[in-house]
Amino acid sequence: MSSKFIRYSTIVTSVFLLVSCSGLKEPVAEKEVLPTPQIIPLPLNSSWNNGTYKVPETNTICFNEGGKRTAVWLQKLLNSANLNAQFSETNNTDCGNWKIVKDESLDLLLGDEGYILDIRNNGVTLKGATDAGLFYAIQTLRQFFPAGIEQNSLSNAEIKLRMGHIEDRPQYSWRGTMVDVARSFFGLEYLKRHVDRMALYKLNRLHLHLTDDQGWRIEIKSKPKLTGVASKGSVTDGNSGYLSQEDYKELQDYALARNIIIIPEIDMPGHIYSALLAYPELNCAENANINPKKALPPDLFEGYDVGWSRFCLEKPETYDFVSEVIGELASITKGPWIHMGGDEIEDPRYKEFVVKADSIIHTYNKISIGWEEVTQTKVSDDFISQEWNGDTESVMEDVKVIESMCANFYLDHGNTADQKNTATWCKKDGLSLQDVYGFSTDNPHVIGVEAPVWTEFVLNNESMDDRFWPRAAAVAEVGWTPEAKRNFNDFIKRLPEHGKRLSQMGVHFFPSPEVKWDSTEKTREVKSVFYNFNPEK
Ligand code: ACM
């Protein structure tokens, strides 16, 4: 038994002595009860029994039709614990100690993302109606294993799993994070890491704020100056750069394999200076659409102000530009949505613009999302509004809503009041873990939650890590677990185990003061069970 395993398990039942005619023998543990796995997000229903399943060194994974993909993830998980695992494709579920059952008729019980995980004394069964549900069964199972699995450091460990039964499905379909790559650029490597961490917590939407006054971060081949000129900027001391279309597609496929859909945002008609700098012909006469005190072409903008630049909405060329950019972006985007921004700008033609932008997005067979300001006018019925400050008087009835209220979800605000380089405009004392966890709504149109990190002051990977973690785990539980089942005190008791796991994964998480973290854990190199793993290969 490795020392890691001893830390992980607790022997709580009696130890008795075996006596034989040859005399006193070694004490033998009759029965041990492992602690309940500290799963985040908390499953909808789980029941535990006191037994354990000791995983053998050699394992057989059998799966029915459609289950192969899950078998590949599971094999990787078991291999990461240095266990041997072979496949056996069969419709006979009595064939091995790991059974994967993909069954569309479970849809009624489990929906698109739910699963059943059953751990008995002779093996483990994973069931789901979809690949996504089965993928989540594996993420739950991953949390049964000691955190060292993330670094593949469990060699010779005796792996035991607490026996039990979990039936789980999410409350909301939208469980997202947003990364502002425009103020300061974060590239493919960091974003893949981020996706990997999101997947562990069953977060399923990654919104990329790709453009703003300071920089343009996505290659548009028909508009080469967006990358040649507009991508060169950032906030003071931030990083510049852009995602090539190849990077974007690679990230998108990496995310999709993990049930995460990318939502690209082109923020319009305001927050658009970087594009106006690259294509100055899109400005009105005498740059009347720009506040010249902030910046004027050909200068980049490195500051922090918002609401001072906008497209020239009188010019037909503006709409040609929007159409070309959205067309190209739609052609490389697999998810159904494109985000048009639409925040923080006043213009007499604003409403006309958002209606046209919505229609352009539909022309390319995508559904539009926008910040809540867009709902000042009526756009398509399938539009999704992203609420961030609650100040908008919406004229749209029954519009679907993503909740990103700044007082609960703006993770660019400090974890604590005194965290340096954090925003304070929405909540001056920062956003504690409890502020995030305590989110509550009775709006029946809410489809989920999303936590943005704006990057005016987030200039390196460690800072991005500590803005998201552990608060994004709270976002995940708010998005997954029904409010009636959530309990903050219980959540913070589950977190220390996750501190170990996040450390093993190389995450520089913020040690929130509410939690009794294990302070002996050190942050390791960036790695994890599924980091850079491609289930197709
Ligand atoms: C926003 O924070 N302006 C959406």
Side-chain angles (χ1 to χ4, degrees), residues 35-48 136 139-140 143-144 147 164 166 168-172 174-177 197-198 200-204 387-388 390 402-419 422-424 426-443 446 448-453 465-503 507-519 521:
T36 312
Q38 308 291 293
I39 300 165
I40 294 178
L42 187 72
L44 182 63
N45 289 309
S46 47
S47 57
W48 302 103
Y136 288 151
Q139 299 312 314
T140 295
Q143 297 185 17
F144 279 62
I166 297 179
D168 197 12
R169 60 184 291 172
Q171 177 184 28
Y172 289 124
W174 195 284
R175 306 177 302 280
T177 68
R197 296 160 185 179
M198 286 176 69
L200 170 63
Y201 292 106
K202 306 186 178 87
L203 291 161
N204 67 355
E387 189 167 36
W388 64 281
I402 300 164
E403 276 296 354
S404 292
M405 284 299 284
C406 60
N408 298 97
F409 296 117
Y410 268 33
L411 304 185
D412 57 334
H413 284 57
N415 285 271
T416 51
D418 57 3
Q419 188 180 4
T422 54
T424 50
C426 180
K427 210 161 164 293
K428 70 176 173 21
D429 294 336
L431 254 69
S432 68
L433 208 45
Q434 192 154 17
D435 290 329
V436 179
Y437 197 85
F439 173 77
S440 166
T441 180
D442 54 10
N443 179 351
V446 168
V449 297
E450 184 182 301
V453 171
D465 281 8
D466 79 29
R467 302 309 191 273
F468 271 122
W469 307 103
R471 291 181 294 182
V475 175
E477 188 147 310
V478 169
W480 185 278
T481 312
E483 193 174 342
K485 291 241 164 189
R486 294 200 303 264
N487 176 306
F488 183 66
N489 287 329
D490 176 66
F491 176 69
I492 58 176
K493 284 196 193 118
R494 276 177 281 135
L495 268 177
E497 200 55 45
H498 290 264
K500 291 182 199 167
R501 191 169 299 270
L502 291 170
S503 297
V507 180
H508 291 262
F509 69 91
F510 188 91
S512 318
E514 302 95 320
V515 181
K516 292 199 181 86
W517 304 102
D518 177 345
S519 56
E521 282 290 330

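Quantities reported herein were computed from a predicted structural model and do not represent experimental measurements.
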Any donor-acceptor N/O pair, Thr481 side chain to Leu42 backbone, under 3.5 Å: yes

Verdict with supporting geometry, Val449 and Val475, side chain to side chain contact (heavy atoms under 4.5 Å, CB included): CA-CA 7 Å; Val449 297; Val475 175; 4.0 Å; yes

Spacing of Ile492 atom CD1 and Gln434 atom CD [to the nearest 0.5 Å]: 7.5 Å

Approximate separation, where rounding is to 0.5 Å, of Asn408 CG and Phe439 CZ: 6.0 Å

Nearest heavy-atom neighbours spanning Val436 and Arg471: CG1-O, 3.9 Å

Derivation of the side chain to side chain contact (heavy atoms under 4.5 Å, CB included) call for Glu477 and Arg494: CA-CA 12 Å; Glu477 188 147 310; Arg494 276 177 281 135; 2.8 Å; yes

Verdict with reasoning, Ile402 to Phe409, per side chain to side chain contact (heavy atoms under 4.5 Å, CB included): CA-CA 11 Å; Ile402 300 164; Phe409 296 117; over 6 Å; no

Closest non-hydrogen atom pair between Glu483 and Thr441, with its separation: OE1-N, 4.3 Å

Min side-chain heavy-atom separation Lys202-Thr140 under 4.5 Å: yes

Distance-only donor-acceptor check, side chains Asn443 and Glu387, under 3.5 Å: no

Any side-chain heavy-atom pair of Val507 and Phe468 under 4.5 Å: no

Any Val478 side-chain heavy atom under 4.5 Å of Glu403 side chain: no

N/O donor-acceptor pair under 3.5 Å between Asn415 side chain and Asp466 backbone: yes

Distance, nearest 0.5 Å, that separates OG1 of Thr36 from CD of Gln38: 6.5 Å

4.5 Å side-chain heavy-atom contact, Trp517 and Ser503: no

Arg486 side chain reached by Phe491 side chain, heavy atoms, under 4.5 Å: no

Rounded distance (nearest 0.5 Å) linking atom CD of Gln143 with atom CG of Leu200: 5.0 Å

Separation between CG of Leu44 and NZ of Lys485, rounded to the nearest 0.5 Å: 5.5 Å

Ile39 vs Phe144 side-chain heavy atoms within contact, under 4.5 Å: yes

Test ring-ring contact (aromatic ring centres under 6.0 Å, His included) applied to Tyr201 and His498, step by step: CA-CA 10 Å; Tyr201 292 106; His498 290 264; 5.5 Å; yes

CD1-CD distance between Ile40 and Gln139, expressed to the nearest 0.5 angstrom: 14.0 Å

Minimum-distance pair of heavy atoms, taken over all atoms of Glu450 and Ser404: O-OG, 2.8 Å

Side chains of Thr422 and His413 in contact at under 4.5 Å (non-hydrogen atoms): no

Closest contact, heavy atoms only, Ala407 versus Leu431: O-CG, 3.6 Å

Minimum-distance pair of heavy atoms, taken over all atoms of Gln171 and Pro482: OE1-CA, 3.7 Å

Sidechain-backbone polar pair: Asn204 side chain, Arg175 backbone, donor-acceptor under 3.5 Å: yes

Considering all heavy atoms, the nearest Asn487-Tyr437 contact: N-OH, 3.2 Å

Pairs flagged by salt bridge (Lys or Arg N to Asp or Glu O under 4.0 Å) wherever residues 430-443 is involved - sequence neighbours left out: Lys427-Asp435

Residue list, ring pair (Phe, Tyr, Trp, His ring centres under 6.0 Å) with Tyr410, at least two apart or on another chain: Trp425, Trp454

Residue pair Ile166 / Trp48, side-chain heavy-atom distance below 4.5 Å: yes

Pair Thr177-Leu411, side chain to side chain contact (heavy atoms under 4.5 Å, CB included): steps then yes or no: CA-CA 10 Å; Thr177 68; Leu411 304 185; over 6 Å; no

